[in-house]
Amino acid sequence: MGRRRPIPAQAIVANNAEEVTARGAPNPWLQAGGIAFLALYAVAILAALGWLFSNLHQISPQNRAIVSRLGAFNRVRGAGLLLAWPRPFEEVTLLPSSETILEQDMPVEQPQPGAVSSQSAGGDDESSGGAGAMLSDAAASIGNRLTGDAGVVQMDVKVFYTVIDPYEYVMQKAHLAPALVRLMSRSVVRVCASRDLDAILVARPELLGSASQLAEERERLRGDVMQNINHSLAQLHAAGAGLGIELKRVDLIATLHPDTVDAFNSVLTASQEVLQEIANARTDSEKTLQTANEDADRTVEIAQARASERLAKAQADTADVLQLSEAIKGGLDAGLLPRMYRERITAILAKTSFLTVIDPRDDAHLLIQGAPQ
């Protein structure tokens, strides 16, 4: 057996001191884990605070907010600071205020070229039995409105409205635009069918007799369309399917179809040409009438002048005869007749080429040669 080697006491004390020092020193992994836990805890607290205040909103004056709690409408708040429970407990939806004016257009519809071509191709099919032609007519009539006097007009409508019921507006917001366009189209069709073409736009300027009445009807057109649309909105609200809006103004632009415009322009041009020809004919007739009146007056004046001359000449020629007749009747001058005979017979006989003198008291037969043939 070997002998044990004795260990000095100083070596034992030194070893114990080293073990105690190693046990008292901190572990770096434990320190890193503690720091990470504190950071994660702080981040969780910040995330919780951010989530808690995530539904904090500043509502502008032109908007208002409706708060839904667990899917059900809870309250409506106006402009200002809004604090709601975070999602998914409460949901905040912004919508226009009651004073904000919104607008919706209904432009003039135009037929799509693809639809028209496909419908025309369908009309070529003999098995369709003419259905293609009907579809083509329907496609061609898109955007046209029929008036009460069988006229055709196109209407571009723009409406301005406000939100009066926030709950209905939020419920119907996804369907608001198409529903409003259909109501606008329906109202325009009804209003156009209840009046003539000239009560919608100035199509025939020649109708001057009822111009003031037609102008008043054109002024009432927008009011009638707006009243009709609001009436339809009230009916929807009464039926439980309201849109939550009310119209404040309606703008209308009524136009004619391009083909109709060309036809009206042709008719108007023809009418103007006819009126111009009528005016020219009246001018020519007036000129002819004036010329005829001048000629008639000139002819009458010439005839009167000639008649006066002939009358004066006849009076001058018969003055001696009248004087002789008065003298014979009065028995004033018995030798006047022979004297005048002697004065005038010479001038008369001087105009003859030859003269045959016979005795009036001779009863013998006298033969006078006739004029040569």
Side-chain angles (χ1 to χ4, degrees), residues 149-151 196-199 201-218 256 260-373:
D149 57 350
D196 295 340
L197 180 62
D198 290 277
L201 51 81
V202 181
R204 289 168 288 189
E206 65 272 10
L207 299 179
L208 300 178
S210 57
S212 59
Q213 181 180 358
L214 294 176
E216 293 177 359
E217 293 184 3
R218 287 192 292 269
L256 296 174
T260 307
V261 174
D262 295 339
F264 268 103
N265 291 336
S266 301
V267 172
L268 184 59
T269 303
S271 301
Q272 292 177 351
E273 291 177 354
V274 169
L275 293 177
Q276 185 176 1
E277 292 179 359
I278 291 175
N280 294 334
R282 288 178 177 176
T283 303
D284 296 339
S285 64
E286 289 294 333
K287 291 181 179 179
T288 304
L289 179 61
Q290 291 178 1
T291 304
N293 290 332
E294 292 176 358
D295 294 341
D297 294 339
R298 187 181 302 107
T299 302
V300 171
E301 291 176 358
I302 293 173
Q304 290 177 352
R306 290 180 178 177
S308 299
E309 292 177 358
R310 290 180 180 180
L311 179 61
K313 184 178 180 181
Q315 290 177 353
D317 294 340
T318 58
D320 296 339
V321 177
L322 292 176
Q323 184 179 3
L324 178 60
S325 175
E326 291 176 358
I328 292 174
K329 290 180 180 179
L332 299 177
D333 190 358
L336 180 60
L337 181 59
R339 188 170 61 251
M340 292 183 64
Y341 175 77
R342 286 191 297 271
E343 292 177 356
R344 301 290 180 86
I345 194 63
T346 304
I348 295 173
L349 295 177
K351 296 179 180 181
T352 60
S353 57
F354 63 92
L355 180 65
T356 303
V357 180
I358 60 174
D359 187 2
R361 292 183 294 275
D362 188 3
D363 55 354
H365 296 283
L366 178 64
L367 297 177
I368 301 176
Q369 183 179 2
Q373 296 295 330

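If you're wondering where the values come from, they're calculated on a predicted model, not measured in any experiment. Just so you know, residue 1 is the first one in the sequence shown, and it goes up from there.
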Shortest non-hydrogen pair, Ala199 vs Glu217, comes out as CB-OE1, 2.8 Å
Atom OG of Ser285 and atom CD of Gln290: how far apart are they, to the nearest 0.5 Å?
9.5 Å
Value for CG (Asn293) from OG1 (Thr288), rounded to nearest 0.5 Å, stands at 10.5 Å
Any chance you could measure Glu301, atom CD, to Glu294, atom CD, to the nearest 0.5 Å?
10.5 Å
OG1 of Thr291 to CD of Glu286: how many Å apart, nearest 0.5 Å?
11.0 Å
Rounded distance (nearest 0.5 Å) linking atom OG1 of Thr283 with atom CD1 of Ile278:
11.5 Å
Please tabulate, one pair per line, all N/O donor-acceptor pairs under 3.5 Å involving side-chain atoms of residues 261-272, not counting sequence neighbours.
from, atom 1, to, atom 2, distance (Å)
Asn265, ND2, Val261, O, 3.1
Ser266, OG, Asp262, O, 2.9
Thr269, OG1, Asn265, O, 2.7
Ser271, OG, Val267, O, 2.8

